[in-house]
Amino acid sequence: TPDRWDDLVAFFGPSGAYSGCWCTWWRQTGSQFSAGCRDGAAGNRDLLRRLTTEGRAPGLMAYDGERPVGWVSVAPRPEFGRLLRSSALRPEPGDDPADGSVWSVVCFWVPRAHRRRGVATALLDSAVAHAWAGGARVVEGYPVPVDDRAPAAEIFTGTLAMFDRAGFRPIGGRAGSRLKVQLVR
């Protein structure tokens with residue numbers, strides 16, 4: 001929400017979470033994202049700020065007291081244009097409701113100091129609750145199956161084990177190491 005914007009800016013820091021992303025990669029074409037990374041990622045930051053000030057709640061933050069410790073991007077699937085254009089992760093023919101009843105959980109950001117403490121799991125649970133409250137009938141994710149530890153840059157969409165524990169089930173579709181999973185209400 002707009003009243004949490006300053007918390008998000010401080011939390012994402014000068015790198016915009018990761019390499020100037022500002023959690024906008026899924027929302028843009030490759031050229032739009034690259035252009036947004038110029039000038040210290042001002043374009044990507046401005047996009048996320050605009051979504052926030054428009055009242056679209058592009059994600060949720062986890063707090064430990066007053067301090068942000070994690071972020072998850074969750075919204076109706078049509079907000080993520082890159083996802084809709086993906087040959088492997090896009091909706092199946094006939095499964096692309098424009099009514100916003102399918103929501104996507106596309107990105108997590110938990111700084112190293114707060115990892116392996118359940119922050120991402122709590123964010124996933126909150127993202128699902130937020131989606132249900134927003135009218136979702138299906139929540140979709142795109143996790144990576146990993147056996148143990150993996151670099152954060154590879155698992156920003158979450159791990160398959162975490163989504164499995166939350167009740168998500170694979171439904172087909174794979175983009176590289178990412179799988180498509182869904183939780184149906």
Side-chain angles (χ1 to χ4, degrees), residues 1-28 30 32-34 36-53 56-75 79-80 82-83 89 103-131 139-166 168 175-179 181 183:
T1 58
D3 63 316
R4 299 286 184 170
W5 177 251
D6 290 340
D7 286 354
L8 184 62
V9 170
F11 176 65
F12 275 8
S15 295
Y18 184 79
S19 295
C21 180
W22 285 93
C23 211
T24 61
W25 189 82
W26 289 99
R27 295 176 180 276
Q28 303 180 81
Q32 289 170 327
F33 180 77
S34 293
C37 284
R38 293 186 192 111
D39 298 323
N44 293 338
R45 179 182 174 185
D46 290 346
L47 172 58
L48 189 61
R49 182 178 196 140
R50 189 171 55 254
L51 294 171
T52 302
T53 58
R56 291 175 50 193
L60 305 171
M61 286 192 300
Y63 284 82
D64 181 4
E66 296 293 315
R67 185 179 55 168
V69 296
W71 160 268
V72 62
S73 182
V74 55
E79 292 194 22
F80 302 111
R82 189 180 298 253
L83 177 62
L89 300 177
W103 284 46
S104 294
V105 177
V106 296
C107 187
F108 294 84
W109 172 247
V110 179
R112 180 173 287 123
H114 303 290
R115 293 181 193 149
R116 302 185 78 72
R117 296 181 181 180
V119 174
T121 297
L123 284 165
L124 179 57
D125 292 345
S126 295
V128 168
H130 179 69
V139 180
E140 209 167 78
Y142 316 96
V144 177
V146 293
D147 293 327
D148 191 23
R149 290 184 161 200
E154 293 177 18
I155 58 170
F156 67 94
T157 56
T159 65
L160 181 57
M162 180 176 67
F163 278 86
D164 280 345
R165 286 190 303 270
F168 285 75
S177 61
R178 293 188 206 311
L179 301 172
V181 297
L183 183 64

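The figures here come from the full heavy-atom set of this structure, side chains too, leaving out hydrogens, waters and symmetry mates. Keep in mind that what you see is a predicted model, and the values were worked out from it rather than measured.
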- Parallel, tilted or perpendicular: rings of F163 and F108 (30°, 60°): perpendicular

- With sequence neighbours excluded, residues passing salt bridge (charged side-chain N to carboxylate O under 4.0 Å, His left out) with R165: none

- Message: For F80, give me all partners under ring-ring contact (aromatic ring centres under 6.0 Å, His included), at least two apart in sequence or on another chain.
- Response: none

- Query: Measuring from D7:CG to E66:CD, what's the distance to the nearest 0.5 Å?
  - Reply: 8.0 Å

- Note on the structure: With sequence neighbours left out, the residues meeting side chain to side chain donor-acceptor pair (under 3.5 Å) with Q28 are T24, N44

- Message: Quick one, T159 with V144, criterion side-chain contact (heavy atoms from CB on, under 4.5 Å). Give me CA distance, side-chain angles, the key distance, then yes/no.
- Response: CA-CA 5 Å; T159 65; V144 177; 6.0 Å; no

- Any donor-acceptor pair under 3.5 Å from W103 side chain to A75 backbone: no

- Query: By salt bridge (charged side-chain N to carboxylate O under 4.0 Å, His left out), which residues pair with D125, not counting sequence neighbours?
  - Reply: none

- Item | Smallest separation among heavy atoms of V106 and W26, with atom names | O-NE1, 3.2 Å

- Query: Can you check whether Y18's main-chain N or O pairs, donor with acceptor, with S15's side chain at less than 3.5 Å?
  - Reply: no

- Query: side-chain contact (heavy atoms from CB on, under 4.5 Å) with A41: which residues, sequence neighbours excluded?
  - Reply: W22

- Query: Among R117, R115, H114, which one satisfies side-chain contact (heavy atoms from CB on, under 4.5 Å) with V69?
  - Reply: H114

- Query: Between L123 and G70, which heavy-atom pair has the shortest distance, and what is it?
  - Reply: CD1-C, 3.7 Å

- Query: Could you state the interatomic distance from CE (M61) to OG (S126), rounded to the nearest 0.5 Å?
  - Reply: 12.5 Å

- Message: With a 3.5 Å distance limit and no angle check, can you tell me whether T121 reaches the backbone of G118 through a side-chain donor-acceptor pair?
- Response: no

- Taking all atoms of both residues into account, what is the closest heavy-atom pair of L124 and A166, and its distance? CD2-CB, 3.8 Å

- Student check: side-chain heavy atoms of W109 and S73 closer than 4.5 Å: no

- Item | Smallest separation among heavy atoms of L48 and P58, with atom names | CD1-CG, 3.5 Å

- Message: Within the structure provided, determine whether V74 and L60 are in side-chain contact (heavy-atom separation under 4.5 Å).
- Response: yes

- To the nearest 0.5 Å, tell me how far I155 CD1 sits from L160 CG. 12.0 Å

- Task: Check step by step if side-chain contact (heavy atoms from CB on, under 4.5 Å) holds for F168 and V128.
- Result: CA-CA 10 Å; F168 285 75; V128 168; 3.8 Å; yes

- By side-chain contact (heavy atoms from CB on, under 4.5 Å) - contacts of P2 (at least two apart): T52

- Calculate, to the nearest 0.5 Å, the distance between atoms OH and CZ belonging to Y63 and F11 respectively. 9.5 Å

- Message: Could you work out, with salt bridge (charged side-chain N to carboxylate O under 4.0 Å, His left out) as the rule, every residue matching D64, not counting sequence neighbours?
- Response: R67

- Message: Within this structure, what is the CZ-CG distance for the pair R45 and L8, rounded to the nearest 0.5 Å?
- Response: 9.5 Å

- Donor-acceptor contact below 3.5 Å, side chain R178 vs main chain T157: no

- Message: My understanding is that only residues two or more places apart in sequence, or in another chain, count here; which of them pass side chain to side chain donor-acceptor pair (under 3.5 Å) with S104?
- Response: Y142

- Who passes side chain to side chain donor-acceptor pair (under 3.5 Å) against D164, sequence neighbours left out? none

- Query: For residues 9-22, which residue pairs qualify under salt bridge (Lys or Arg N to Asp or Glu O under 4.0 Å), counting only residues two or more places apart or in two chains?
  - Reply: none

- Is there a side-chain contact between R27 and F33 (heavy atoms, below 4.5 Å)? no

- Message: Test of understanding: with salt bridge (charged side-chain N to carboxylate O under 4.0 Å, His left out), list the residues that count as partners of R56, not counting sequence neighbours.
- Response: E54, E79

- Drop me the distance from W71's CH2 to C23's SG, to the nearest 0.5 angstrom. 5.5 Å

- Taken in chain and number order and not counting sequence neighbours, the residues that satisfy side-chain contact (heavy atoms from CB on, under 4.5 Å) with T1 are D3, R4

